[in-house]
Amino acid sequence: AGKTTTKEMLRTALASIGPTHAADKSFNNHWGVPLTLARMPADTRYAVIEIGMNHSGEIADLVPLSRPHVAIVLNVLPAHLGHFASVEGIAHAKAEIFSGLVEGGTAILNAASEFHDLLRAAASRKTGNIKTFGRKNVSDAYCDTIKTTIRGTFTADIVLCGQNATDASGRIIECPLPVYGFHIASNATAVVLAIEAVGIDPKVAVEAIGAMPAPAGRGERVEIRLPCGGEALLIDESYNANPGSMRAAIRTVRNQMGHGGGRLILILGEMLELGDASVRYHERLRRDVLFDTGYSGTWTTLVFTCGPHMSAMLDGLPEVMRGGKAATAAELQPKVLAALKPGDVVMVKGSNGSKVWQIANALKQMRTTPG
């Protein structure tokens, strides 16, 4: 979760320093990585290569082509779990990225991950230059605060601790964020470390991120005009979903609601490729949705779902929260449109195969200004 947004933050920051090439969209598989490399202009100074996988061995095949000077593992979450025996298996597969590091290269790890030790051991077999992010007074860098308003701009104060990760008095980098979220700020911390690792002052480079648009389907915010009159805010998270990113998205939008009243509308599609664990992870999601209902009593949550597992999750919610359900996104769409009221904040999220992006696209057609 977060690879493409992080790739775009790195692309934007490095492009302000010199000619930069990066993957198009989410070109991160056995087709996308070679295409990205083949398209690289000869004068490229910095290349940002996104590498993904849904099976063991895929990254091991791709990373020798890329030969990175800096390799980042942002997190380990139960995505594509249907192709692995456990989440630890996913961690081993992600650790394959370190096998392609050039001599003297830098490995960047999430110190808050439960698989940090596993990843560090894998990185140590290739390099002694390991940097960590995510935990205050433990990591080489961490996010201290996020300054934000729901319709404003977002900035993370990132603390660089220098050579001594236990020294909390390091310098602060004010890093703009393309979208809100502590998970986004955490990934921006990895961006800062990567920029520093290639010999650039991150304080200068990250300023460019402030002009970066939110990637489509990854937290993009769009003001929409409703047929009944008035406006609502769409938060488009519809590109993809796994249990970790779904939880982060729900908690992020909850934390932004503040005390301003209004309704939070969640439109949730299936989380796919979870195999036998699918029922369990959809059931667990109910706790995150229910937690939203008690935020100072100033707003309510209405939930719409499509797909069998997500709809079963909906059935276990209080009746007042059940906005509606359907087998497909296309069938759910008219129910959503009929329910919206002025002042609503609408978040759409689900795996790409759930097609809830169709609902997000329909809502975007109602945007208040072109573009």
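Given the structure is predicted, the values throughout are model-derived calculations rather than measurements. Sequence positions, counted from 1, serve as the residue numbers for this chain.
Side-chain contact between Gln358 and Ser238 is absent, with no heavy atoms from C-beta onward closer than 4.5 Å. Taking 4.5 Å as the limit, some side-chain heavy atom of Leu160 sits within range of a side-chain heavy atom of Leu193. In this structure, the side chains of Ile250 and Met246 come closer than 4.5 Å at one or more pairs of heavy atoms. Within the 4.5 Å cutoff, the side chain of Leu340 has heavy atoms near those of the Val346 side chain. The closest side-chain heavy-atom distance from Cys161 to Tyr142 is below 4.5 Å. Contact of the Val253 side chain with the Val345 side chain is registered, since non-hydrogen atoms from C-beta on lie closer than 4.5 Å. When side chains are defined from C-beta on, Lys25 does not count as touching Thr4, because their heavy atoms never get closer than 4.5 Å. Between Ile49 and Pro68 the shortest side-chain heavy-atom distance does not fall below 4.5 Å.
Contact detail for Met366 and Pro227: the closest heavy-atom pair is CE-CD, 3.6 Å. Thr44 approaches Ala47 most closely through the heavy-atom pair CG2-N, 4.2 Å. The minimum heavy-atom distance between Met212 and Thr12, with the atom names listed, is SD-OG1, 3.7 Å. Listed here is the closest heavy atom pair of Glu270 and Ser354: N-CB, 3.6 Å. What you find for Ala339 and Asp344 is that their closest heavy atoms are O-OD2, 4.3 Å. Ser245 and Asn240 get closest at one heavy-atom pair: OG-O, 4.5 Å.
Results of the side chain to side chain contact (heavy atoms under 4.5 Å, CB included) test with Ile72 over Leu10, Val191, Ile97 single out Leu10 as the only residue that passes.
Formation of a donor-acceptor pair under 3.5 Å by the Arg11 side chain with backbone atoms of Ala23 is found in this model. Lys325 places no side-chain N or O within donor-acceptor distance of the main-chain N or O of Leu314, the cut-off being under 3.5 Å. Remark: the backbone N or O of Gly57 is paired with a side-chain donor or acceptor of Glu96 at under 3.5 angstrom. The main-chain N or O of Ala123 is never found under 3.5 Å from a side-chain atom of Thr127 such that the two would form a donor-acceptor pair. Remark: the backbone N or O of Gly32 is paired with a side-chain donor or acceptor of Thr36 at under 3.5 angstrom. Within the 3.5 Å criterion, the main-chain N or O of Asn75 finds a donor-acceptor partner in the side chain of Lys94. Listed for the Thr189 side chain is no donor-acceptor partner under 3.5 Å among the backbone atoms of Phe133. Looking only at distances, a side-chain donor or acceptor of Thr328 sits under 3.5 Å from a matching main-chain atom of Glu331. Looking at His55, its side chain never comes within 3.5 Å of a backbone N or O of Ala93 through a donor-acceptor pair.
Between atom CD of residue Glu223 and atom CZ of residue Arg367 there is a gap of 11.0 Å, rounded to the nearest 0.5 Å. To the nearest 0.5 Å, atoms CZ (Phe154) and CZ (Arg221) are separated by 4.5 Å. Atom CG of Asp24 sits about 10.5 Å away from atom CD of Glu50, to the nearest 0.5 Å. For the atom pair CG of Leu264 and OG1 of Thr301, the computed distance is 4.5 Å after rounding to the nearest 0.5 Å. Taking CG of Asn28 as the start and CE of Met53 as the end, the distance is 10.5 Å to the nearest 0.5 Å. We find the CZ-NE2 distance between Arg247 and His183 to be 12.0 Å, quoted to the nearest 0.5 Å.
Among residues two or more places apart in sequence or in another chain, the ring-ring contact (aromatic ring centres under 6.0 Å, His included) test is passed with His309 by His282.
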Could you list the donor-acceptor pairs under 3.5 angstrom formed by side chains in residues 104-117, with sequence neighbours left out?
| residue | atom | partner | partner atom | Å |
| --- | --- | --- | --- | --- |
| Thr106 | OG1 | Asn129 | ND2 | 2.7 |
| Asn110 | OD1 | Ala112 | N | 2.9 |
| Asn110 | ND2 | Leu74 | O | 3.0 |
| Ser113 | OG | Phe115 | N | 3.0 |
| His116 | NE2 | Arg120 | NE | 3.4 |

Donor-acceptor pairs are to be reported for all side-chain atoms of residues 316-324 against protein atoms at under 3.5 Å, with residues two or more places apart or in another chain.
| residue | atom | partner | partner atom | Å |
| --- | --- | --- | --- | --- |
| Arg322 | NE | Leu317 | O | 2.9 |
| Arg322 | NH2 | Leu317 | O | 3.0 |

Q | Trace of the side-chain contact (heavy atoms from CB on, under 4.5 Å) decision for Glu8 with Thr5 | A | CA-CA 5 Å; Glu8 288 301 317; Thr5 301; 5.7 Å; no
Q | CA sep, side-chain torsions, deciding dist, call: Met271, Asn242, side-chain contact (heavy atoms from CB on, under 4.5 Å) | A | CA-CA 6 Å; Met271 299 181 290; Asn242 61 56; 5.7 Å; no
Q. Could you go step by step and tell me if Glu231 and Leu226 meet the side-chain contact (heavy atoms from CB on, under 4.5 Å) rule?
A. CA-CA 6 Å; Glu231 297 178 354; Leu226 302 177; over 6 Å; no
Q.
Would Val76 and Val87 count as a side-chain contact (heavy atoms from CB on, under 4.5 Å) here? Give the steps.
A. CA-CA 7 Å; Val76 178; Val87 181; 3.9 Å; yes
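Hydrophobic clustering, with ILVMFWY side chains joined whenever heavy atoms are under 4.5 angstrom apart, groups Leu119 together with Ile51. When the side chains of ILVMFWY residues are joined at heavy-atom separations under 4.5 Å, either directly or via intervening members, Trp357 and Val348 end up in two distinct hydrophobic clusters. Val48 and Phe27 sit in two unconnected hydrophobic clusters of ILVMFWY residues. Membership requires side-chain heavy atoms under 4.5 Å apart, directly or through other members. Residues Val336 and Val222 fall within the same hydrophobic cluster, defined by Ile, Leu, Val, Met, Phe, Trp and Tyr side chains chained together at heavy-atom separations under 4.5 Å. Both Leu290 and Met347 are assigned to one and the same hydrophobic cluster, defined by single-linkage of ILVMFWY side chains at heavy-atom distances under 4.5 Å.
The local environment of CZ in Arg67 is sparse, with at most 12 non-hydrogen atoms from other residues, nucleotides or ligands closer than 6.0 Å.
Salt bridge status for Lys131 with Glu196: absent, with no side-chain N to carboxylate O gap under 4.0 Å. Using a cutoff of 4.0 Å between basic side-chain nitrogens and carboxylate oxygens, Glu283 and Arg280 are not scored as salt-bridged.
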